[in-house]
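Labels below follow one simple rule: chain letters A, B, ... track the order of the sequence lines, proteins then strands, and each chain is numbered from 1.
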2 protein chains.
Amino acid sequence: MPSRLHQKALESLGTRIVDGVLPAGHIMLAEDLESELGVSRSVVREAVRVLQSAGLVQSTKRVGIKVLPRPTWNPYDPLVIRWRLRSSGRGAQLRSLTEMRVAVEPMAAELAADHAPEWVGEQLHDIANKMRATGQDARRFQQLDVRFHAVVLAGSGNEMFAGLHDAVAEVLTGRQEMGLIPAHPHEEAIELHLDVAEAIALRRPAEARETMNEIMRATIDEIHQEWAGTPRSDAGF
Amino acid sequence: MPSRLHQKALESLGTRIVDGVLPAGHIMLAEDLESELGVSRSVVREAVRVLQSAGLVQSTKRVGIKVLPRPTWNPYDPLVIRWRLRSSGRGAQLRSLTEMRVAVEPMAAELAADHAPEWVGEQLHDIANKMRATGQDARRFQQLDVRFHAVVLAGSGNEMFAGLHDAVAEVLTGRQEMGLIPAHPHEEAIELHLDVAEAIALRRPAEARETMNEIMRATIDEIHQEWAGTPRSDAGF
DNA sequence: GAGTACTAATGTCTGCACAGATCGGCGTCA
DNA sequence: TGACGCCGATCTGTGCAGACATTAGTACTC
């Protein structure tokens, strides 16, 4: 519902930058962008402001709008994540997100077991049971999976952990769209989810952490091939 | 440089929202903001767009600019983090960031030991040695500390880990500004940093992880009191 | 209660003036 | 002659003011 033109301009510029079509150091002029995108100054300027807040560009007087190098991009900006998952940088983004999950989700489970209100454990139990009941429908299974991990992240009571939930969702849905998930969800994975739910409900932090850790290990095994060839970013210093 | 008028507007609105002066659900009109901030329409609009991309507000026709509830804020937006660290939400933000560090940094150390180029290990060794040599100057010591952890995060080769470095820096500098760090840096902490550097240089992932984990434990002990009373966010579901 | 006209607010466009950073010319000095 | 530094010309983003377009609540009609 929000402004269509603004989003269109934003999307056009953002995807081209993330795809590398507009490389770091490339300089654009606001006036050219107007005619190129077929929109007015105000639209271009607002889009550029948003890109600037995401660290993708920097606009300076007398020179123009410069595309910044990747290390300055905000890797947590939802727009940047979406664009990268649909670009050639997909492998690197997927690996980054998965490593983040591996680091965070076990601790989130531990914290949830420590501090989360009771209904979190109940809800997790509920979701895990539905996952078991959902036999064939891979799509439904994956929706439940997304929800399960979102509840754990939110249940940790840590806002930054909770804030990862849409990124995690995009990873999981993206995985399925590429047919990377086995049609038959592992029986073992389901059991692990049930175990996590129970550990959180019964307030057993160490057990929750370790079980979630096993889920993460399985996740890595499933997705590992995806980024097999992608090089690690050589963080400039 | 600070003549960026829209940055002032952004700061004014952002801090007031994060401070809770403008509560969730509060509705503002662009026209009122113009007169209130003493700026023109375009400035207000660009500031609002940036706030919108951070999830702090949503502007809809016929209604106005509505302040969104905290769960929709992007907890990774640098602006949001800065504002929260200077607001009453400081305790919660500090706890979130520290828990994030505890989850991420051990894994970052492990990944760095696995994949980082040699000069990362050398540089870490260098920094840790300087930390030992720096006796009294707490300020200098803390700068080195910030740099050490930034190099580890970047050395992991994970862009999302690397992206945490300025947030970590703000936590550490903020801690010192509040006099939360002992004047005498622990001899033990210095040894641990040296050990991490060595583990990474010698490509011992497990050791790097475990040693970094000990540093994180010490960090929690130092900072724990800061958020003693702050409630955990009850993630709405 | 469903449909419709109204209206208030954001969205978009355009012309103008200002600010400040870069570039190039000019003069000075070695 | 050549290098350096000052200084104005010029270019581009920034900010302002006012217009029109669009759309989503709202109230009114039937």
Spacing of [X] atom [atom1] relative to [N] atom [atom2], expressed in whole Å:
X     : N      : atom1 : atom2 : result
A/R4  : D/dA24 : CZ    : C1'   : 18 Å
B/D32 : C/dA8  : CG    : C1'   : 13 Å
A/E46 : D/dT14 : CD    : P     : 13 Å
B/L33 : C/dG11 : CG    : C1'   : 16 Å
A/L29 : C/dT22 : CG    : C1'   : 13 Å
A/L5  : C/dG11 : CG    : P     : 11 Å
B/H6  : D/dC16 : NE2   : C1'   : 16 Å
B/E31 : D/dC16 : CD    : C1'   : 15 Å

Query raised in the report: Nearest nucleotide by nearest heavy atom, which residue falls closer to the 5' end of DNA chain C, A/V43 or B/V63?
Result: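 Looking at DNA chain C, the more 5' nearest nucleotide goes with B/V63.
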
Query - Pairs touching residues 47-79 of chain B that satisfy ring pair (Phe, Tyr, Trp, His ring centres under 6.0 Å), sequence neighbours left out - result: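 Non-adjacent pairs meeting ring pair (Phe, Tyr, Trp, His ring centres under 6.0 Å): A/Y76-B/Y76.
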
Query raised in the report: For the side chain of B/I65, counting heavy atoms from C-beta on, which of C/dT12, C/dT10, D/dG15 is nearest?
Result: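 Nearest to the side chain of B/I65 among the choices is C/dT10.
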
Query raised in the report: Which of the following nucleotides, C/dT12, D/dA24, C/dT10, is nearest to the side chain of B/R62?
Result: D/dA24

OP1 or OP2 of [N] sitting under 4.0 Å from any side-chain N/O of [X]?
X     : N      : answer
B/R45 : C/dG11 : yes
B/S40 : D/dG15 : no
A/S59 : D/dT14 : yes
B/R49 : C/dT12 : yes

**Report entry** Crowding at CZ, B/R70 (>12 non-hydrogen neighbours, <6.0 Å)
**Finding:** no

Report task. Compute the ring centroids of B/H193 and B/H149, then answer whether they are less than 6.0 Å apart. Result ->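 Yes.
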
**Report entry** Pair of N/O donor and acceptor under 3.5 Å linking D/dT23 base with B/K61 side chain
**Finding:**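 No such pair is found, so the answer is no.
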
Query raised in the report: Is there a donor and acceptor pair, one atom on the side chain of B/R41 and one on the base of C/dG11, closer than 3.5 Å?
Result: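 A donor-acceptor contact between them is present.
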
Query raised in the report: Has the side chain of B/T72 got a donor or acceptor atom that lies under 3.5 Å from a matching backbone atom of B/L68?
Result: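 Checked: no pair found.
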
Query - B/R4 bridged to B/E46 by N-O distance under 4.0 Å - result: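 No.
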
